[in-house]
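Worksheet for the structure shown next.
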Protein chains: 2
Amino acid sequence: MTSSPSALLGALDPTSDRAVFRQIADHLREAIDKGRFTEGAKLPSEAELVEHYGVSRMTVRNAISILQGEGLVHAEHGKGVYVRPRPPVRRLASDRFARRHREQGKSAFTVEAEAAGSRPEVDQLEVREERPSQDIAARLGGARKVLVRRRRYLLDGRPVEFASSYLPLDLARNTPIAQPNPGPGGIYARLEELGHRLERFEEEVRARMPAPAEVKTLRLAAGVPVIHLIRTAYDTEGRAVEVCDTVMAADAYVLAYQLPAI
Amino acid sequence: MTSSPSALLGALDPTSDRAVFRQIADHLREAIDKGRFTEGAKLPSEAELVEHYGVSRMTVRNAISILQGEGLVHAEHGKGVYVRPRPPVRRLASDRFARRHREQGKSAFTVEAEAAGSRPEVDQLEVREERPSQDIAARLGGARKVLVRRRRYLLDGRPVEFASSYLPLDLARNTPIAQPNPGPGGIYARLEELGHRLERFEEEVRARMPAPAEVKTLRLAAGVPVIHLIRTAYDTEGRAVEVCDTVMAADAYVLAYQLPAI
DNA sequence: AAGTGGTCTAGACCACGCT
DNA sequence: GCGTGGTCTAGACCACTTA
């Protein structure tokens, strides 16, 4: 017999206009916010909440589904509903593509992750030639065919990011860029060796809820949005030499940018 | 009598492991993706879906709630469930705080919105002195008291952004910055007049699901995350002179950054 | 008044995790 | 085996919109 949740949760207000399931969600949310349930803690079971509030099970489930939608809790089948721990966050600095970070044997992702004490992995690597979407083609100045490099990044076994790089085919074909492993410093180092000295990057940042395929690829919990980042690399001649389309688990990232005040 | 949804939606696969309500959600999502229901279109009513699939109403509602969580549709009580239109997006360029944009009589938000053909509004303006949170205090180099300026921005009547600016009190007290309307060019222009020439900004970008208060303030639809942006302004002496904490409706914004390749 | 979605009940059976 | 959450049914009454 576990102790009843009455000590942690209040009673319903029958005079309130607020729907019962919303009131229950409010109680649970408040208890979490106030630390009465800490990260990783198990909420009272559905049966206990049914008993405590004197409502039907669907009403309790409705309440819990609100909290799931907010990303506050997650359910584990056969076990219980738990307060979602905040995962470690990866900080992406705006100088992460600086030339000085490119001189090493490992990829930027690997170096950075190991420095942070995480175990980095890259999988689902795929390199192929494709006809680009209209959007990608436009960003690349009208390229008709492109080389695509797709890969998924993981930290400590958890997928955090899925990225696709697009390069004009005339630029990348039969170069190390078309190899699964392009060598030290990554494709930016190779681009510069091929005479495309990089001048600047443009990044577009959006946030939205994931599509079902993204939920699967990134193993996203309910209530976790994605950050969608589209980066275009320009060489000193002003030519767009790469577009990188990245979808990141939003709970795993902070993007940091430095802006000059001009 | 309207036409049955059978023309637009398939039949359930009884051999599939996939839950019935997920299959129904898949059908509807696919129909939306393929343009069989366009933006603003009304989905079949719950009753029609119950009839079409031969399931109970709760099963149909469960399916629809998945699509609501993905931000694909929204329900209007007494009317129906509609495909959510993509709202016009506001693009925030990384040079939006450049000095040259600061010489005008209107705020950056106003100028930009009017250029884009939208009707800008600012409301819920509040200026007060406060003791800062630990996080804000640390970002401001340990300020003990701050001047806070809060305001909400709207486009064509729709709230899109809620921002709080924090400035060290010793710097802002008894200056135009403490006035509700700080004058042409905004507080950055006033800071420079006060001798704090701005050198750079740092921005941190996160995305997450909104808290209930944010849903209310920004009138967010279900399935719309927020972009949380924290900007710190530094003067030429390296002092942090302002922190601006902004929560934006993610479906209304694209952030654009320029990064030098160094 | 008719049709729509919003809330809620009181059951049922199943799948999963643990002991 | 038992407790957990996952799915589903067949109702009920309510609130909102439109006509």
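Naming convention: chains lettered A, B, ... in sequence-line order (proteins, then strands); numbering from 1 in each chain.
- Listed nucleotides: C/dC8, D/dG6, D/dT18. Nearest to the side chain of A/Phe21: C/dC8.
- Going from atom CZ of B/Arg61 over to atom C1' of D/dG11 covers 15 Å, rounded to whole Å.
- For the pair B/Ile66 CD1 and D/dG6 C1', the interatomic distance rounds to 12 Å; values are reported in whole Å.
- Computed from coordinates, the A/Asn62 CG to C/dC8 P distance equals 8 Å when rounded to whole Å.
- Rounded to a whole Å, the CZ atom of A/Arg18 is 10 Å from the P atom of C/dT7.
- Distance, A/Leu43 CG to D/dG5 P: 9 Å, rounded to whole Å.
- Each of B/Arg57 and A/Arg57 was matched to the nucleotide of DNA chain C holding its nearest heavy atom; the match closer to the 5' end belongs to B/Arg57.
- Nearest-nucleotide mapping onto DNA chain D: of A/Lys42 and B/Gly78, the residue sitting toward the 5' end is A/Lys42.
- The interatomic distance linking A/Gln68 (CD) with D/dT7 (P) rounds to 10 Å, in whole Å.
- Atoms CD (A/Glu46) and C1' (C/dG11) sit 15 Å apart, rounded to a whole Å.
- The two residues A/Val215 and A/Pro210 make their nearest non-hydrogen contact at CG2-CG, 3.6 Å.
- Ion pairing of A/Arg139 with A/Asp135 is present here, as a side-chain N (NZ or NE/NH1/NH2) and a carboxylate O approach within less than 4.0 Å.
- Look at B/Glu203 and B/Arg96 and you find a salt bridge, because one of the NZ, NE, NH1 or NH2 atoms lies within 4.0 Å of a carboxylate O, short of that distance.
- Put simply, B/Thr59 has a side-chain N or O that comes within less than 4.0 Å of OP1 or OP2 on D/dT9.
- Residue A/Met58 has its side chain nearest to C/dT9 when only C/dG5, C/dT9, D/dG5 are considered.
- Residue A/Arg22 places its side chain closer to C/dG6 than to any other of D/dT7, D/dT18, C/dG6.
- Taking side-chain N and O atoms only, B/Lys79 has a distance below 4.0 Å to OP1 or OP2 of D/dT18.
- Side-chain contact between A/Glu126 and A/Ser164: absent, with no pair of heavy atoms (C-beta onward) separated by less than 4.5 Å.
- When distances are taken from the side chain of A/Ser45 to each of D/dT18, D/dC8, D/dT4, the shortest belongs to D/dT4.
- Comparing A/His77 and A/Ala19 against DNA chain C, the residue whose closest nucleotide sits nearer the 5' end is A/Ala19.
- Here C/dC18 presents its C1' atom at 10 Å from OH of A/Tyr82, a figure rounded to the nearest Å.
- In this structure, A/Ile24 CD1 and A/His52 NE2 are separated by 8.5 Å, a value rounded to the nearest 0.5 Å.
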